[in-house]
Visitor: 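The structure under discussion is supplied below as structure tokens; questions concerning it will follow.
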There are 2 protein chains.
Amino acid sequence: MDVSVKGEYALRAVFELSCQGTPDPVKIARIAESQRIPQKFLELILAQLKQGGYLGSRRGADGGYFLARPADQITVGDILRQIEGTMQPSRRPFAKEPADSPFPELWDRVERALSCVVDRTTFADLVERWRQKRSQGVLNWQI
Amino acid sequence: MDVSVKGEYALRAVFELSCQGTPDPVKIARIAESQRIPQKFLELILAQLKQGGYLGSRRGADGGYFLARPADQITVGDILRQIEGTMQPSRRPFAKEPADSPFPELWDRVERALSCVVDRTTFADLVERWRQKRSQGVLNWQI
DNA sequence: GGAATCTCTAGTAGAGTGGTAGAGATTGAC
DNA sequence: GTCAATCTCTACCACTCTACTAGAGATTCC
């Protein structure tokens, strides 16, 4: 019931871009450093997110990646689905189950519950909550 | 974001025992057959569920496994946690994250949403829903 | 005693995860 | 036009984990 490291890296990268506010491209190297993600691995992840239409990029000096649309129009669920492939708890046509079983309905419920969180949380929400927490509470200027 | 095959097998086995109604032990071989689970693999799973206190067993002729408590006192979440270890979407102290990040809170929300489904669904619920569906709708007597 | 059952310890093939390596294509600055 | 900085593409790989399998041992009931 867990998210892969790759999925977490993807979320952190998009979060980093969402924090920028500006549409200027950010270098892979910078994202890798500030989010502590292995750079070559991050390259693959960002390419995949670009393929999904969530990011854009520019090559050459002053190149980098940027959000392809505003942060309030990208959800956590979008990114997770793009990286992990799906969100269904059970996507197995194999593990032969008796045709008549109570579990498909259960998995539907689980998926809807998950969806309620991840498809309603945008990166704009994440940035906002994070800024609020920073301004009120524990002061920690690591980023 | 998925449940392992082992976890599914565990759920199906407990469901099978819950359907019995009677406290008589059911043989591994019978559960394996009716739920189409590889028998030797199922042995390991049932032993683990017994360790967790959800099942009891008896050896010898007329032996088998049975629920250690009533089906309305065992939840889907109990079984999943016993088999999968946890339900947190992210349990990684490695993947070094900046100390100050919006994600732990997100994972908490996800876990609570999941919990709402799996910790409130007992095996008695599953059996009841399944019986209702059978009596009303698609008639299918595979089990 | 013996048959039927659970129990315990090992092992294992294959897929998947989490990377790394390096050459190539584009861009911007000079 | 050249050079440096950057993204892009293909390939590879070590390690872990998943989903099993094998087989001998311990109990129980008749």
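Protein chains get the first letters and strands the later ones, always in sequence-line order, with residue 1 at the start of each.
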Visitor: For the side chain of A/Lys6 and the base of C/dG19, is some donor closer than 3.5 Å to an acceptor across the two?
Guide: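 No such pair is found, so the answer is no.
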Visitor: Restricting to pairs with a member in residues 36-81 of chain B, which pass ring-ring contact (aromatic ring centres under 6.0 Å, His included), not counting sequence neighbours?
Guide: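 Output for this query lists B/Tyr9-B/Phe41.
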Visitor: Within the 4.0 Å heavy-atom criterion, would you say A/Leu44 contacts the bases, only the backbone, or no part of the nucleic acid?
Guide: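 Base, at least one base atom sits under 4.0 Å.
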Visitor: Closest approach to the side chain of B/Pro38, judged atom by atom: which nucleotide of C/dG19, C/dC6, D/dT21 is it?
Guide: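 Of the options given, the side chain of B/Pro38 lies nearest D/dT21.
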Visitor: Between atom CD in B/Gln48 and atom C1' in D/dA19, what is the gap in whole Å?
Guide: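 In whole Å, D/dA19 C1' and B/Gln48 CD are 13 Å from each other.
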Visitor: Please tabulate, for side-chain N and O atoms in residues 17-33 of chain B, each donor-acceptor pair with protein atoms closer than 3.5 Å (sequence neighbours left out).
Guide:
unit_1  : atom_1 : unit_2  : atom_2 : d
B/Ser18 : OG     : B/Val14 : O      : 2.8
B/Thr22 : OG1    : B/Asp24 : N      : 3.4

Visitor: Using a 3.5 Å cut-off and no angle test, enumerate the donor-acceptor pairs between side-chain atoms of residues 44-53 of chain B and protein atoms at least two apart in sequence or in another chain.
Guide:
unit_1  : atom_1 : unit_2  : atom_2 : d
B/Gln48 : OE1    : B/Lys6  : NZ     : 3.0
B/Gln48 : NE2    : B/Gln82 : O      : 3.3
B/Lys50 : NZ     : B/Ser57 : OG     : 2.9

Visitor: Using a heavy-atom distance cut-off of less than 4.0 Å, which residues of residues 52-66 of chain A contact DNA chain C?
Guide: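 Those residues whose heavy atoms fall under 4.0 Å from DNA chain C, taken from residues 52-66 of chain A in numerical order, are A/Arg59, A/Gly60, A/Ala61.
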Visitor: Please list, one pair per line, the donor and acceptor atoms closer than 3.5 Å that link side chains of residues 74-81 of chain A to other protein atoms, with sequence neighbours excluded.
Guide:
unit_1  : atom_1 : unit_2   : atom_2 : d
A/Thr75 : OG1    : A/Gly77  : N      : 3.3
A/Thr75 : OG1    : A/Asp78  : N      : 3.0
A/Thr75 : OG1    : A/Asp78  : OD1    : 3.4
A/Thr75 : OG1    : A/Asp78  : OD2    : 3.3
A/Asp78 : OD2    : A/Thr75  : N      : 2.9
A/Arg81 : NH2    : A/Asp119 : OD1    : 2.6
A/Arg81 : NH2    : A/Asp119 : OD2    : 2.5

Visitor: Of all the choices, C/dT7, D/dC9, C/dC6, which nucleotide is nearest to the side chain of A/Lys40 once you look at every atom?
Guide: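 So the nucleotide nearest the side chain must be D/dC9.
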Visitor: Please determine, by modelled atom types, if A/Ser4 and A/Glu84 share a side-chain donor-acceptor pair under 3.5 angstrom.
Guide: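 A/Ser4 vs A/Glu84: donor-acceptor pair found between side chains.
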Visitor: Taking side chain to side chain donor-acceptor pair (under 3.5 Å) as the test, write out the residues that go with A/Glu105, two or more places apart.
Guide: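 If we apply the side chain to side chain donor-acceptor pair (under 3.5 Å) test to A/Glu105, skipping adjacent residues, the hits are A/Arg109.
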